[in-house]
Amino acid sequence: MTKNILITGGAGFIGSHVVRLFVKKYPQYKIVNLDKLTYAGNLENLADIEGMPNYKFVKADITSAEEIFSLFKENCFDGVIHLAAESHVDRSIANPVEFIFTNIIGTVNLLNAARDCWKDNMQDKLFYHISTDEVYGSADDGSFFTESTSYDPKSPYSASKASSDHLVRAYHNTYRLPVVISNCSNNYGPYQFPEKLIPLAINNIKNNKQIPVYGKGENIRDWLYVEDHARAIDLIFHKAEPGKTYNIGGNNEWKNIDLIKKLCEIMDDRLKRPAGTSAGLITFVKDRAGHDLRYAIDSSMLQKELGWKPSLQFEEGLAKTVDWYLANDTWLSHIISGDYEKYYENQYVNR
Ligand code: NAD
Ligand code: TYD
């Protein structure tokens with residue numbers, strides 16, 4: 001069956017993996033990737049699939065109702081997979097307003113456009129909102145987040161994502177818009193912007209720079225390889241009942257300091273440095289304001305109902321990730337130099 005699918009935020013980290021998976025796996029689908037190309041959007045992430053006949057890139061801003069409605073007038077999509085967001089907690093602490101516009105107003109603009117487009121026939125339509133486990137707050141008591149855990153967001157980022165989740169559910173309840181939501185734990189893997197912990201640490205170790213560890217490094221995150229998240233999204237998009245929410249996680253909790261030490265070991269091995277060299281770069285710095293202690297996801301509903309499970313052990317995934325960053329030095333150096341921002345102009349404008 002053919003489908004016309006809009007993926008938002010497809011030039012970002014997770015979005016690029018989702019776009020690649022869908023474009024390659026479903027040649028009969030038409031995939032439109034909408035992205036504003038903020039600092040986090042990098043079309044070099046998709047250079048390998050750019051010429052595929054079932055793929056199209058559209059530069060647009062989800063905070064502009066006009067741009068979104070005009071795109072939906074051209075294509076009344078069968079499905080929307082919504083990943084576009086401001087996604088970095090530290091940036092949300094420095095500048096919360098951007099998060100309110102993109103994550104809340106942007107989501108409402110997409111919901112309104114889908115609602116308008118699908119008003120006469122909602123059969124086989126789906127609005128899939130991609131969210132985070134951070135909406136549940138911090139599981140300090142050792143419990144796991146399930147789909148019925150109460151929302152308790154604690155950063156401007158997680159509060160803006162929680163707000164967008166509530167709005168998506170409200171559109172289902174009020175207008176019967178067919179929606180699904182998934183809330184995933186921390187992702188890692190190729191193409192992640194080096195402001196997030198793992199790629200930042202890899203880049204710093206490579207360049208013999210200090211590795212900043214917030215507080216005492218005792219905070220715990222549940223890490224999932226990004227391609228496992230993309231597979232879960234594919235499954236949920238095709239199999240989930242409208243109205244459902246699924247939690248996605250790696251069942252893989254690590255204290256930040258233990259993760260960094262493991263990463264240092266792998267880097268010493270790959271860079272042929274004496275054991276312990278990279279760990280010497282670890283530097284404890286001022287803690288993040290309001291830093292959530294622990295995230296931990298219970299993904300048993302997704303496993304039981306849709307048969308998903310993570311494919312990689314963490315140590316294998318981490319080694320694979322290190323190897324990818326070391327082999328893709330040009331990708332990384334374009335980000336560090338800012339050259340990646342010229343890719344759109346060169347590829348799409350000045351041709
Ligand atoms: P990212 O920051 O790497 O990518 C976000 C993308 O959205 C970028 O390409 C950016 O250009 C685009 N974008 C931002 N503002 C836009 C706007 N106004 N209009 C159009 N496009 C815009 O983020 P990511 O890590 O790939 O996360 C993707 C989604 O998954 C987000 O919704 C995030 O909340 C969610 N999520 C992320 C993680 C994680 O560990 N990274 C975990 C769970 C959920
Ligand atoms: P991050 O990758 O920003 O993801 P999130 O805040 O969404 O979980 O951070 C992961 C963990 O690593 C988090 O506990 C904050 C910590 N951290 C550091 O200790 N140093 C750093 O330089 C960064 C970016 C994060």
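Indexing begins at 1, ligand by ligand and atom by atom, following the structure's order. If you're wondering where the values come from, they're calculated on a predicted model, not measured in any experiment. Worth knowing before you read on, the calculation uses all heavy atoms, side chains too, and leaves out hydrogens, waters and symmetry mates.
Contact between S185 and ligand 1 is present, with at least one heavy atom of the residue lying under 4.0 Å from the ligand. Ligand 1 is approached by Y157 to a heavy-atom distance shorter than 4.0 Å.
Geometrically, ligand 1 and Q192 share no nitrogen or oxygen pair separated by less than 3.5 Å. Residue-to-ligand polar distances keep H229 apart from ligand 1: every N/O pair is separated by 3.5 Å or more. By the 3.5 Å distance cut-off applied to N or O atoms, L83 is counted among the residues near ligand 1. For ligand 1, none of its N or O atoms has an N or O atom of L34 under 3.5 Å away. Between C184 and ligand 1, no N or O atom pair is found at a separation short of 3.5 Å.
Looking only at atom types and distance, the side chain of H129 has no donor-acceptor partner in the side chain of T107 under 3.5 Å away. In the model, N203 has a side-chain atom that pairs as donor or acceptor with a side-chain atom of N207 under 3.5 Å. For the residue pair W331 / N45, a side-chain donor-acceptor distance below 3.5 Å is found, with atom types taken as modelled. Inspection of the S182 and Y128 side chains reveals an N or O donor paired with an N or O acceptor under 3.5 Å. In the model, K30 has a side-chain atom that pairs as donor or acceptor with a side-chain atom of N75 under 3.5 Å. For N103 and S160, the side-chain atoms include at least one donor-acceptor pair closer than 3.5 Å. With no hydrogens or angles considered, no side-chain donor-acceptor pair links S155 and R288 at under 3.5 Å. A side-chain donor-acceptor contact under 3.5 Å links D165 and N183. No hydrogens or angles considered: nothing links the side chains of D152 and S150 as a donor-acceptor pair under 3.5 Å.
Using a 4.0 Å cut-off between heavy atoms, Y191 makes no contact with ligand 1 at all. Of all the heavy atoms of N42, none lies under 4.0 Å from any atom of ligand 1, so neither backbone nor side chain is involved. For K161, every heavy-atom contact with ligand 1 shorter than 4.0 Å involves the side chain, none the backbone. Within the 4.0 Å heavy-atom criterion, both parts of N187, backbone and side chain, lie near ligand 1.
Between Y157 and F99, the two ring planes are perpendicular [angle over 60°; tilted spans 30° to 60°].
For Q28, the CD atom sits in a packed shell: over 12 heavy atoms of surrounding residues, nucleotides or ligands are nearer than 6.0 Å. Environment of CZ in F101: sparse, with no more than 12 heavy atoms of neighbouring residues, nucleotides or ligands closer than 6.0 Å.
In summary, the aromatic rings of F13 and F193 are positioned with their centroids too far apart to meet the 6.0 Å limit. Checked against the 6.0 Å centroid criterion, the rings of Y191 and W324 qualify as a close aromatic pair. Aromatic rings from F127 and H172 are positioned such that their centres are separated by 6.0 Å or more.
When only non-hydrogen protein atoms are considered, atom 23 (O) of ligand 1 lies nearest to S87 OG, 3.2 Å. The protein heavy atom nearest to atom 19 (N) of ligand 1 is I62 N, 3.0 Å. Among all protein heavy atoms, the one lying closest to atom 27 (O) of ligand 1 is I14 CD1, 3.8 Å. The shortest contact between atom 11 (O) of ligand 1 and any protein heavy atom is with D35 OD1, 2.5 Å.
For the pair I336 and P194, the tightest heavy-atom approach, listed with the atom from each and the gap, is CD1-CG, 4.3 Å.
The contact set between ligand 1 and L37, taken as ligand atoms under 4.0 Å from a residue heavy atom, comprises 11 (O). Close contacts between ligand 1 and A60 involve ligand atoms 19 (N), 20 (C) [criterion: under 4.0 Å to a heavy atom]. Distances below 4.0 Å separate heavy atoms of D61 from the following atoms of ligand 1: 17 (C), 18 (N), 19 (N). Near K36, meaning under 4.0 Å from one of its heavy atoms, ligand 1 places the atoms 16 (C), 17 (C), 18 (N), 19 (N), 20 (C), 21 (N), 22 (C). Of all atoms in ligand 1, listed by their number and element, those nearer than 4.0 Å to a heavy atom of T102 are 15 (N), 16 (C), 18 (N). Taking every heavy atom of N186 and a limit of under 4.0 angstrom, the matching atoms of ligand 1 come to 40 (O). For ligand 1 and I130, the ligand atoms under 4.0 Å from any heavy atom of the residue are 30 (O), 32 (O). Less than 4.0 angstrom separates some heavy atom of S131 from each of these atoms of ligand 1: 43 (C), 44 (C).
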For residues 309-321, please give each side-chain donor-acceptor pair under 3.5 Å, one per line with the distance, not counting sequence neighbours.
| residue | atom | partner | partner atom | Å |
| --- | --- | --- | --- | --- |
| S311 | OG | D228 | OD1 | 2.8 |
| S311 | OG | D228 | OD2 | 3.4 |
| T321 | OG1 | G317 | O | 2.7 |

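Considering only non-hydrogen atoms, atom 10 (C) of ligand 1 lies nearest to T38 out of T107, I68, T38, I198. Across G9, A85, S160, heavy-atom proximity to atom 5 (C) of ligand 1 is greatest for A85.
A cation-pi geometry, defined here as NZ or CZ lying under 6.0 Å from the six-membered ring centre and within 45° of its normal, does not hold between R270 and Y325.
Listed as neighbours of ligand 2 are H88, V89, E134, N186, E195, K196, L197, L200, P212, V213, Y214, N219, R221, N256, R288, H291, Y295, each bearing a heavy atom under 4.0 Å from the ligand.
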